[in-house]
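Input: a single structure, listed below in structure tokens.
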2 protein chains.
Amino acid sequence: MAAVVLDRQSVVPLYFQIQQRLSEQIRSGELKPGELVPSEQEISARLRVSRMTARQALKSLCSRGLAYSQRGKGTFVSRMKLEKNFRQLLSFSEEMKDRGSRPRSKVLAFKRIHPDEEVAEALHLGPAEEVIFLRRVRIADSAPLCIEAANLPARLCPELLERFEPSGSLYRELAEHYGLQVHMADEVAEASVATGAEAKLLRVRRRSPVFRFTRTAYLHTGQPIEFVESTYRGDRCKVVNRLTRHLEIVS
Amino acid sequence: MAAVVLDRQSVVPLYFQIQQRLSEQIRSGELKPGELVPSEQEISARLRVSRMTARQALKSLCSRGLAYSQRGKGTFVSRMKLEKNFRQLLSFSEEMKDRGSRPRSKVLAFKRIHPDEEVAEALHLGPAEEVIFLRRVRIADSAPLCIEAANLPARLCPELLERFEPSGSLYRELAEHYGLQVHMADEVAEASVATGAEAKLLRVRRRSPVFRFTRTAYLHTGQPIEFVESTYRGDRCKVVNRLTRHLEIVS
DNA sequence: AAGTGGTCTAGACCACTCG
DNA sequence: GAGTGGTCTAGACCACTTG
């Protein structure tokens with residue numbers, strides 16, 4: 001928080017520049033867990049911004065989980081260990097790259113079909129609407145990790161069958177060619193054991209532990225864009241969550 | 001958003017009163033999914049508050065997932081179905097009451113012990129610090145649901161052994177007698193199969209599917225307050241999550 | 001008493017969307 | 001061009017925490 005100056009011509013908002021600088025200081029260890037972050041007044045004075053802007057920077061820092069505020073005391077660097085990608089929605093490809101693995105896929109099916117009722121309901125489809133169906137075995141570090149069956153409304157991604165290379169990243173394709181940004185997803189996980197067919201594809205013994213996931217992904221408007229059912233090897237993955245006690249987070 | 005007036009003498013902030021009114025209109029169906037929420041300017045004019053206050057009310061609404069904003073277009077009622085207690089941290093007792101079940105517990109152990117290394121690390125304990133250890137079978141609707149083993153720093157809840165009725169709600173006890181509010185938790189879930197001993201306690205067959213959870217709960221300061229290992233019957237529970245794509249939620 | 005975050009005001013300019 | 005949300009300013013009063 002020294003005599004560094006802000007770029008007031010930049011398209012990057014001031015509060016965001018400040019938040020990024022503080023994040024950097026926390027990550028580098030310059031600001032340690034439990035320590036006081038510069039106060040609103042201090043930021044305001046040193047960086048010559050209004051107090052509301054300083055405040056917005058600190059709120060942004062808190063909402064990212066890097067700090068927390070206490071009335072009358074100050075804002076402190078959070079003591080939580082921040083796992084990377086905690087609670088973040090990532091595609092399989094992104095997740096694997098994050099871990100330093102090279103993701104691969106074996107495509108089992110890629111076609112346009114009439115969906116069953118569960119899929120049609122989850123995707124809010126009209127009566128005769130079709131979906132693009134993509135079923136793949138996902139491979140990480142030369143061993144199968146999961147079987148994944150995705151359904152997308154055909155209406156929202158025309159010519160996906162012709163255009164998309166089905167072993168690649170679906171989320172990237174949706175974003176780059178259709179402007180469809182996945183914003184959030186609801187996911188249900190169950191504990192189960194592998195069927196004979198699954199065991200063969202996943203190269204495990206029959207009745208080995210597996211996770212079964214059912215995921216519906218949405219655009220930020222609430223439009224469902226993808227319904228996925230997947231089966232993960234229980235010995236190769238964990239589900240990591242961060243739970244908060246109050247949804248009533250005020251601003 | 002009619003001619004209702006705000007209570008300017010109330011200790012409840014104006015932006016919160018406005019947010020609550022809008023939430024109420026959404027819940028009651030007066031504002032329907034996909035519809036426009038009154039704009040910042042409109043709220044500002046009708047309720048005679050500054051635009052920043054109106055803005056704070058709308059942001060608060062968005063952060064609760066009830067609405068979303070689009071630059072240049074407006075703020076819309078979210079189309080997501082809002083499941084109750086989605087992503088919320090609940091104690092077993094609270095969760096069961098929410099579902100309309102009467103929770104019961106069979107206490108297997110309740111004592112003060114020296115923790116192993118994993119527990120000591122998770123709870124940030126000093127060298128010789130002890131924990132309160134509580135192991136219970138949790139029962140819902142007359143059938144076992146899970147085995148739960150909790151560890152709490154003895155330093156933070158002195159006389160818990162003497163005071164607490166171990167079949168009751170631990171979170172309530174922590175809040176009411178020690179002023180310790182659980183704020184968030186990190187949780188890891190694994191898919192596995194029941195051991196012989198677990199199968200007996202849970203009344204299922206050996207090698208039945210189970211979830212194994214490891215949870216560390218924190219106060220809002222980041223102080224760890226509880227470390228729990230639990231084993232849930234796979235046939236009696238699901239894990240429901242809401243994932244968001246960007247952690248970079250700005251304010 | 002001094003410092004902190006929480007709330008609030010009354011303006012301002014901008015980029016964006018839509019008709 | 002009119003309306004929207006995104007950012008920013010320069011003040012203000014308050015409740016809370018700590019010395």
Side-chain angles (χ1 to χ4, degrees), chain A residues 1 5-20 22 34-63 66-78 179 181 220-221 246 248-251, chain B residues 1 5-20 22 34-63 66-78 179 181 220-221 246 248-251:
Chain A
M1 188 52 54
V5 286
L6 299 172
D7 181 358
R8 298 187 111 90
Q9 314 312 321
S10 169
V11 291
V12 180
L14 291 177
Y15 81 87
F16 196 75
Q17 294 182 42
I18 299 170
Q19 184 255 91
Q20 282 187 310
L22 291 170
E35 278 184 4
L36 268 171
V37 174
S39 72
E40 298 175 355
Q41 290 85 336
E42 195 174 341
I43 293 173
S44 169
R46 293 214 198 178
L47 297 181
R48 310 296 179 89
V49 295
S50 79
R51 205 193 122 199
M52 286 300 281
T53 301
R55 178 173 176 71
Q56 196 174 3
L58 289 179
K59 272 192 148 181
S60 165
L61 200 65
C62 291
S63 78
L66 292 170
Y68 61 95
S69 290
Q70 286 188 333
R71 194 191 189 110
K73 295 180 77 172
T75 302
F76 302 84
V77 178
S78 176
Q181 299 272 357
H220 78 134
T221 57
H246 298 291
E248 315 283 346
I249 298 166
V250 172
S251 164
Chain B
M1 188 52 55
V5 285
L6 299 172
D7 181 358
R8 299 187 111 90
Q9 314 314 321
S10 168
V11 292
V12 180
L14 291 178
Y15 81 87
F16 196 74
Q17 293 182 42
I18 299 169
Q19 185 256 87
Q20 282 186 309
L22 292 169
E35 279 185 3
L36 268 171
V37 174
S39 72
E40 298 176 357
Q41 290 84 339
E42 196 174 340
I43 293 172
S44 169
R46 293 214 199 179
L47 297 181
R48 310 296 179 88
V49 295
S50 79
R51 205 193 123 200
M52 286 300 282
T53 301
R55 179 175 175 70
Q56 196 176 3
L58 289 179
K59 273 193 149 181
S60 165
L61 200 65
C62 291
S63 78
L66 291 171
Y68 60 95
S69 290
Q70 286 188 334
R71 193 192 190 109
K73 295 180 77 172
T75 302
F76 301 85
V77 178
S78 175
Q181 300 273 356
H220 80 131
T221 56
H246 297 292
E248 315 283 346
I249 297 168
V250 172
S251 164

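Sequence lines set the chain letters: A, B, ... in the order given, protein chains first and strands last, and positions in each chain run from 1.
Residues B:S60 and B:Q19 come closest through the heavy atom pair OG-NE2, 2.7 Å. Taking every heavy atom of both residues into account, A:S69 and A:C62 meet most closely at OG-SG, 3.7 Å.
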### Task
Please step through side chain to side chain contact (heavy atoms under 4.5 Å, CB included) for the pair A:L66 and A:L22, ending with a clear verdict.
CA-CA 9 Å; A:L66 292 170; A:L22 291 170; over 6 Å; no
### Task
Would you sort out whether A:I18 and A:L6 count as a side chain to side chain contact (heavy atoms under 4.5 Å, CB included), showing the intermediate values?
CA-CA 8 Å; A:I18 299 170; A:L6 299 172; 4.1 Å; yes
### Task
Quick one: do A:Y68 and A:T75 satisfy side chain to side chain contact (heavy atoms under 4.5 Å, CB included)? Show the steps, please.
CA-CA 6 Å; A:Y68 61 95; A:T75 302; over 6 Å; no
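In this structure, the side chains of B:F76 and B:L36 come closer than 4.5 Å at one or more pairs of heavy atoms.
Atom-to-atom, CD of B:E40 to C1' of D:dG5 comes out at 5 Å; the value is rounded to the nearest Å. The distance from atom CZ of B:R55 to atom P of D:dT7 is 6 Å, rounded to the nearest whole Å. Per the geometry, CD belonging to A:E42 stands 12 Å off C1' belonging to C:dT4, to the nearest Å.
An OP1 or OP2 oxygen of C:dT7 is reached within less than 4.0 angstrom by a side-chain nitrogen or oxygen of B:Y15. A sub-4.0 Å separation between OP1 or OP2 of C:dG5 and a side-chain N or O of A:T75 is present. Contact between the side-chain N/O atoms of B:Q56 and the OP1/OP2 oxygens of C:dT7 is found at a separation under 4.0 Å. At the phosphate of D:dG5, OP1 or OP2 sits under 4.0 Å from a side-chain N or O atom of B:Q41.
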### Query
How would nucleotides 9-19 of chain C be written as a contact map, 5' to 3', with B for base contact, S for sugar-phosphate-only contact and - for no contact, using protein heavy atoms under 4.0 Å?
BB-B--BBSS-
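Partner of B:E40 under the salt bridge (charged side-chain N to carboxylate O under 4.0 Å, His left out) criterion, out of B:R46, B:K59, B:R55: B:R55 alone.
Comparing the axis of the opening five pairs of the helix from C:dA1-D:dT18 to C:dC18-D:dG1 with that of the closing five pairs yields an angle of 10°, rounded to 10°.
Judged as a side-chain contact (heavy atoms from CB on, under 4.5 Å), and not counting sequence neighbours, the contacts of B:E35 are B:L31, B:K32.
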